[in-house]
Amino acid sequence: MDVADDLVLRKVCQKLQQYNVRNLALTGETDITGDLEIDSVAVLDLIMEVEDEYSISFPMNLLSEIRTVGDLVRAIHKQAGAQ
Amino acid sequence: MDLFDKIGGLSTLHDQILSAGQDPFGVCMDELLHPTEAMIGGRNVVLAGTNNYLGLTFDRDCVDAAHDALERLGTGTTGSRIANGTYSEHRTLENEIASFFGFGSALVFPTGYQANLGIISAIAGPDDYILLDADCHACIYDGCRMTGATVIRFRHNSPSDLEKRLQRLDGDGGNKLIIVEGLYSMFGDIAPLAEFAAVKRKYGAYLYVDEAHSVGVFGEHGRGVAEHAGVLEDVDFIVGTFSKSLGSIGGFCASDHPKFPYLRLASRPYMFTASLSPANVASVTTALRRIKSDPSLRETLWRNAHALYDRLDDLGLSLAAPTSPIIAVKIESQDEAVVYWNKLIEAGVYVNLAIPPGTPNSTSLLRCSASAAHTPEQIDRIAEAFAMVAEDMRSHEEAEAFPLRRVAKERV
């Protein structure tokens with residue numbers, strides 16, 4: 001799925017902006033923990049925000065499959081579709 | 001490419017911390033002078049960062065009981081609980097723990113960490129849901145990872161946030177297991193257990209409470225925050241440790257579930273490790289009896305907790321939670337916290353340095369803990385060291401001596 005022009009992508013990037021201390025251009029390819037100043041606990045906090053934003057359950061088990069912003073966006077679509 | 005590349009960030013951070021002075025995560029005590037005083041690097045240091053809440057590590061009766069067990073039963077069991085590692089002393093301790101909480105049975109483990117791994121991994125499976133408080137200890141997270149269950153975090157100490165997440169699961173089959181702690185180890189705040197118990201009842205979930213820091217500390221009989229909140233009977237699993245108020249090492253879980261004893265044959269961290277040494281079991285059993293029979297230790301602990309809290313509060317320090325035996329001082333930046341910590345130990349006071357990601361909300365903390373063994377003079381020394389260092393830090397701040405923090409501010 002192409003996430004390049006996606007509302008969820010925009011929302012996720014907005015939430016990630018607080019960790020973007022190097023002012024990178026955030027895209028679907030951005031590596032969440034590699035490129036941003038974000039620790040593992042902050043990633044989990046971000047997931048809680050995502051759950052509330054879209055009224056979905058986003059189990060921690062899914063996190064091992066998520067590396068990039070695009071991975072996260074696709075997973076949100078998948079969870080939203082399943083619920 | 002190296003196996004250790006994945007911890008490259010950690011080693012860089014550690015090197016930065018070392019450049020500020022001593023290693024806060026490698027403090028070595030050369031000699032223990034008292035439950036709350038040690039020689040460290042040739043300096044007499046008051047220990048304000050232990051979990052020795054009741055100060056029982058040198059209690060005469062506990063030490064004598066350990067000695068006696070050592071002589072009678074030897075240095076170790078050399079076996080697992082399901083093989084040659086169960087002595088009658090293990091069973092006695094388990095029975096006394098169960099009876100202390102008024103539950104049907106209890107299991108003991110070699111550490112508190114293993115107690116959480118052992119119970120969570122055995123009771124939850126791929127068809128179940130675990131809802132855990134965001135600030136739960138790492139061993140709870142690790143236990144959850146072993147289950148294959150669907151694991152969902154809820155906002156710290158928020159029963160309404162838990163309920164919202166339970167509602168989203170409404171209609172899904174599978175058991176729901178809610179995991180919280182009684183007293184949280186970093187900030188020293190307590191869980192609203194009465195409210196959590198109400199949510200648990202409403203949704204037919206199980207409630208699991210880790211009372212590692214609260215057994216012997218909270219409750220009329222020292223049973224923990226669940227007793228303090230009057231909801232002990234709503235708790236399905238109480239987990240705790242022997243390495244804090246009980247002054248030894250080991251962990252336990254007590255439950256009233258009729259099938260709980262079968263976990264002895266289902267919990268891998270229980271089955272596939274050697275059992276607690278006889279000396280550990282003996283000192284813990286004696287310490288537990290002391291908690292049951294002598295509330296004065298708890299009273300002294302709370303008197304000291306209030307005294308230390310009030311002294312630090314009077315200095316204008318930013319304290320993370322209301323008074324409890326865990327008194328965490330919030331520091332604006334990690335960089336500043338490291339310098340602060342070094343100045344404290346140079347002034348003869350050891351506290352725990354806690355920095356992200358080991359802390360909630362990216363907070364940096366100087367974590368103090370009160371003990372019933374602290375003398376009024378030791379509490380004076382702790383407060384005076386904080387006063388001196390706080391003043392020193394203020395002058396540093398004016399000189400902008402914290403480069404990392406300055407960089408962070410500029411970025412904002």
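Protein chains get the first letters and strands the later ones, always in sequence-line order, with residue 1 at the start of each.
Side chain of B:Arg165 to main chain of A:Glu51: no donor-acceptor pair is present (N/O by atom type, distance under 3.5 Å, no hydrogens or angles).
Summarising the geometry of B:Phe154 relative to A:Met48, their closest heavy-atom pair is C-SD, 3.6 Å, with the distance given to 0.1 Å.
Residue B:Arg155 touches chain A through both its backbone and its side chain, counting heavy-atom pairs closer than 4.5 Å. If you measure heavy-atom distances from B:Leu132 to chain A, the contacts under 4.5 Å come from the side chain alone.
Taking a 6.0 Å sphere around CD of B:Gln167, one finds it holds more than 12 heavy atoms contributed by other residues, nucleotides or ligands. B:Tyr206 OH: 12 or fewer foreign heavy atoms inside a 6.0 Å radius. Remark: A:Lys11 NZ is loosely packed, at most 12 non-hydrogen atoms of other residues, nucleotides or ligands lying under 6.0 Å away.
Expressed to the nearest 0.5 Å, how far CZ of B:Arg145 lies from OG of A:Ser64 amounts to 8.5 Å.
Residues B:Val151 and A:Pro59 form no side-chain contact, since every pair of their non-hydrogen atoms from C-beta on lies 4.5 Å or further apart.
When the candidates A:Leu62, A:Leu44, A:Asp45 are compared by the number of heavy-atom contacts under 4.5 Å with chain B, A:Leu44 comes out ahead. For the set A:Val41, A:Asp39, A:Asp52, the entry with the most heavy-atom pairs within less than 4.5 Å of chain B is A:Asp52.
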